[in-house]
Amino acid sequence: MNFVRIKDVNKYEGQEIKIKGWVYNKRSSGKLHFLQIRDGSAEIQAVAFKGDLPDEIFNLTDKITQETSVEIQGIVNKHERSKIGYEIALKDIKIIGESCDYPISPKEHGVDFLMQNRHLWLRAPRQRAILKIRHAIITSIRKFFDEEGFVLIDAPIFTPSACEGTTNLFETEYFDTKAYLTQSGQLYMEAAAMAFGKVYCFGPTFRAEKSKTRRHLTEFWMVEPEVAFNDIYDNMDLAENFLVYIVNYVLQNCKEELDLLERDISKLEKIKKPFARITYDEAIEILHKKGNETPWGEDFGGDEETLISEEFETPVMIYKYPAEVKAFYMKQDPDNKKLAMCVDVIAPEGYGEIIGGGQREENMNILLSKIKKHNLPEEAFDWYLDLRKYGSVPHSGFGLGIERTVAWICGLHHVRETIPFPRLMDRIRP
RNA sequence: UCCCCGGUAGCUCAAUGGCAGAGCAUUCGGCUGUUAACCGAAGGGUUGUAGGUUCGAGUCCCACCCGGGGAGCCA
């Protein structure tokens, strides 16, 4: 007899099958024992009735503890109150692995305790729903870029120096010298875009920021497309199509998970083209109208992002920020030297910045002066400057933070649940 | 790094400066339809750590450690 995955039991009504899984809860009522079984595909209840079973098997179902792994044989029956519509009348049970004093009981627990037990917390329904949505988001990202003709180019994780600030770098020994964990694959994607036209990378990035907020991890995943000959407006079109694609994919494929998370789906259904596009100047105007006095020239914090996103039901693209607050590689606005041709995308409902990007500076001399102005070591960027020396073209790209995207789509307050094993300033276990 | 809050049983939390408690989990017993089942019983404590005030400290004071929330910075 073959093993059936629980999600497929509907094909076996009235038949005897075997399943393998974990007992996540047990209830009993004298001569009846109810075992709740999870196998990763779904959950089902196995019912053991004393009258139908040899004593040793019935007694075994009484002794079973939370998270014991088992092999169960029984008959699939319709059951009205079951989430999947079926239960199993237990005929036989074998214990695969015992489980003694499982720490996560089916009652409430604090965040610290759950994070200490993250390796076990992953088994909880809510955590599985979140990580399945993360999986769907990543799947949709790969599909989107495949369909759009992008080439996946893996960026290195060891890097010789910073591409943005140097204060947030994780330093590590690299034989006789030092290396740093990557903060972004962007500069490498710019090189690859000159070879393939349309490229993206997808991988972990590291920031040694001593920040303790619901939006920060020290290790997070980022997807970074880069396209030769795209200007900032093409870039915004790409970001818009990309986000719509991701949200649609999740809506179509993760109904059950969104439901379990009690996500208000109507909010996600409003993620359609066109997105709001406003300049930094217009964003400042909105803020001032709403009583926020952020002066021109300052970057936006979480509060400002929320205030702006409240005005729209779609994500908001804010472009042309003051060059002062943006990275050296951003192209300067030909009409106003003080502005950078960059764009941030702010998620709705106060989830904050999920995309940062823009058009890159393709002019050798301007780029060189920016590197000097930012006090960056010129020699570290010699290869990057080469890209401006040999057939430089306008090009644009952006980075999407996976964890913030998952938090937004799942409707989560904190990014720590959006990644299987979060790395935070004060937490690197398990 | 700064501001605020917290740390008591395995977990979630109570306890006017005066006997260390409950629910869940665990173990034992009961129940033929349970849905975080229910009912009865038992075991389980260096009150984060180190000082101090006091006849007496979980409670007040001080330092440190750990955690949570927020800010700055960012995706």
Side-chain angles (χ1 to χ4, degrees), chain A residues 24-36 43-53 58 61-63 65-67 77 79-83 87 89 99-117 120-121 124-126 164-165 167-168 182-186 203-224 239 298-305 325-327 343-347 351-357 398-408 413-416 418-419 424-427 429:
Chain A
Y24 69 89
N25 202 1
K26 180 190 73 185
R27 286 180 280 271
S28 72
S29 179
K31 298 188 171 64
L32 284 167
H33 295 148
F34 303 94
L35 304 180
Q36 315 298 325
E43 288 106 53
I44 198 165
Q45 167 170 281
V47 187
F49 174 46
K50 191 171 168 55
D52 288 347
L53 296 169
F58 184 74
T61 62
D62 188 38
K63 297 284 178 236
T65 51
Q66 194 189 357
E67 290 301 320
N77 291 322
H79 183 59
E80 290 289 319
R81 291 169 77 189
S82 159
K83 235 199 316 187
E87 64 177 19
S99 168
C100 187
D101 295 326
Y102 187 71
I104 304 179
S105 62
K107 284 275 178 180
E108 75 267 26
H109 298 283
V111 176
D112 182 40
F113 176 76
L114 290 169
M115 292 291 285
Q116 298 272 13
N117 290 285
L120 303 175
W121 191 22
R126 196 184 145 77
E164 296 182 22
T167 49
N168 301 330
T182 183
Q183 291 180 304
S184 162
Q186 183 203 313
T205 49
F206 308 87
R207 308 255 167 117
E209 287 160 355
K210 291 198 170 173
S211 50
K212 247 182 62 174
T213 85
R214 64 166 174 270
R215 293 207 272 263
H216 285 86
L217 297 165
T218 54
E219 177 180 319
F220 66 98
W221 286 64
M222 193 152 64
V223 56
E224 297 174 274
E298 246 173 56
D299 207 352
F300 301 139
D303 286 350
E304 287 76 31
E305 289 173 356
V325 300
K326 291 293 174 181
V343 56
D344 283 357
V345 182
I346 313 296
Y351 285 97
E353 184 184 346
I354 49 171
I355 281 180
F398 59 81
L400 171 88
I402 297 298
E403 287 73 21
R404 288 186 184 179
T405 305
V406 177
W408 161 47
H413 179 70
H414 201 295
V415 292
R416 66 184 156 220
T418 64
I419 185 166
L424 297 144
M425 190 170 71
D426 291 316
R427 195 183 290 281
R429 202 206 84 94

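Worth knowing before you read on, the calculation uses all heavy atoms, side chains too, and leaves out hydrogens, waters and symmetry mates. By convention in this document, chain letters (A, B, ...) are assigned in the order of the sequence lines, proteins followed by strands, and residues within each chain are numbered from 1. If you're wondering where the values come from, they're calculated on a predicted model, not measured in any experiment.
- Nucleotides B:G52 and B:G67 place their P atoms 28 Å apart, quoted to the nearest Å.
- Annotation: B:A15 and B:U59 have their C1' atoms spaced 9 Å apart (nearest Å).
- Rounded to whole Å, atom C1' of B:C11 lies 10 Å from atom CD1 of A:Ile104.
- With P as the reference atom, B:U8 and B:G68 are 14 Å apart, rounded to whole Å.
- Partners of A:Phe300 by ring-ring contact (aromatic ring centres under 6.0 Å, His included), not counting sequence neighbours, listed by chain and number: A:Tyr280, A:Tyr321.
- Rounded to the nearest Å, the gap between the C1' atom of B:U47 and that of B:G58 is 5 Å.
- Base contact: A:Leu32 has a heavy atom under 4.0 Å from a base atom.
- Considering only heavy atoms from C-beta on, A:Val47 stays 4.5 Å or farther from A:His79 through its side chain.
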For nucleotides 23-30 of chain B, print each protein N/O atom paired with a nucleotide N/O atom at under 3.5 Å, atom names and distance only.
none

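- Rounded to whole Å, the P atom of B:G18 lies 14 Å from the corresponding atom of B:G56.
- Residues meeting the salt bridge (Lys or Arg N to Asp or Glu O under 4.0 Å) test with A:Glu224, sequence neighbours left out: none.
- For the pair A:Glu219 CD and B:A75 P, the interatomic distance rounds to 17 Å; values are reported in whole Å.
- Both thresholds, 5.5 Å between centres and 30° between ring planes, are not jointly met by A:Phe34 relative to the base of B:G33, so the two rings are not stacked.
- Atom CE in A:Met425 sits roughly 7 Å away from atom P in B:U1 (whole-Å rounding).
- Rounded to a whole Å, the NE2 atom of A:His109 is 10 Å from the C1' atom of B:A36.
- With sequence neighbours left out, the side-chain hydrogen bond (donor to acceptor under 3.5 Å, both in side chains) criterion links A:Asp112 to A:Arg427.
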**Q.** Base-pair map of RNA chain B as dot-bracket, where | denotes pairing with a different strand and pairs are Watson-Crick or G-U under 3.5 Å
**A.** (((((((..((((....[..)))).(((((.......))))).....((.((..]....)).)))))))))....
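- Rounded to whole Å, the P atom of B:G70 lies 44 Å from the corresponding atom of B:C55.
- Under a 3.5 Å cut-off, the side chain of A:Arg207 and the backbone N or O of A:Gln183 do form a donor-acceptor pair.
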Q: Summarise protein proximity over nucleotides 63-72 of chain B in one line of letters, 5' to 3': B for base, S for sugar-phosphate only, - for none, counting protein heavy atoms closer than 4.0 Å.
A: ----SBBBBB
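- Between the CD atom of A:Glu219 and the CZ atom of A:Phe206 there is a distance of 4.5 Å, given to the nearest 0.5 Å.
- Distance, A:Lys326 NZ to B:C73 C1': 12 Å, rounded to whole Å.
- Looking at A:Gln36, its side chain has no donor and acceptor atom pair within 3.5 Å of the base of B:U35.
- Of the side-chain N and O atoms in A:Arg81, none sit less than 4.0 angstrom from OP1 or OP2 of B:G33.
- With rounding to whole Å, A:Lys31 atom NZ is found 10 Å from B:G33 atom P.
- Across the protein-nucleic acid pair, A:Phe113 atom CZ and B:U8 atom P stand 13 Å apart, rounded to whole Å.
- A search for salt bridge (Lys or Arg N to Asp or Glu O under 4.0 Å) contacts involving A:Lys50 returns A:Asp55, not counting sequence neighbours.
- As rounded to the nearest Å, B:G23 and B:A14 have P atoms that lie 16 Å from one another.
- Scanning for ring-ring contact (aromatic ring centres under 6.0 Å, His included) contacts around A:Trp221 gives A:Phe202, with sequence neighbours left out.
- Evaluation of the salt bridge (Lys or Arg N to Asp or Glu O under 4.0 Å) rule for A:Lys26 yields no partner, not counting sequence neighbours.
- For the pair A:Glu305 and A:His33, nearest-nucleotide mapping onto RNA chain B gives the more 5' position to A:His33.
- Comparing B:C73, B:A75, B:U35 by their closest approach to the side chain of A:Asn168 singles out B:C73.
- Within 4.0 Å of A:Asp344, counting heavy atoms only, lies no atom of the nucleic acid at all.
- A:Phe49 has its CZ atom 15 Å from the P atom of B:U34, to the nearest Å.
- Partners of A:Phe58 by ring-ring contact (aromatic ring centres under 6.0 Å, His included), not counting sequence neighbours, listed by chain and number: A:His33.
- Across the P atoms, B:A22 and B:A41 are found 11 Å apart, a figure rounded to whole Å.
- Applying the salt bridge (Lys or Arg N to Asp or Glu O under 4.0 Å) criterion to A:Glu353, with sequence neighbours excluded, gives no partner residue.
- Listed nucleotides: B:U35, B:C74, B:G33. Nearest to the side chain of A:Glu209: B:C74.
- Taking CD1 of A:Ile419 as the reference point, atom CG of A:Leu217 lies at 6.0 Å (rounded to 0.5 Å).
- Considering OH of A:Tyr102 and CD of A:Glu67, their distance stands at 4.5 Å, rounded to 0.5 Å.
- Residue A:Glu43 is classed as having no contact, given no heavy-atom separation below 4.0 Å to the nucleic acid.
- Applying the side chain to side chain contact (heavy atoms under 4.5 Å, CB included) test to A:Phe49 and every residue at least two apart in sequence or in another chain returns A:Lys31, A:Leu32, A:Asp52.
- Below the 3.5 angstrom threshold, one finds a donor paired with an acceptor across the side chain of A:His79 and the base of B:U34.
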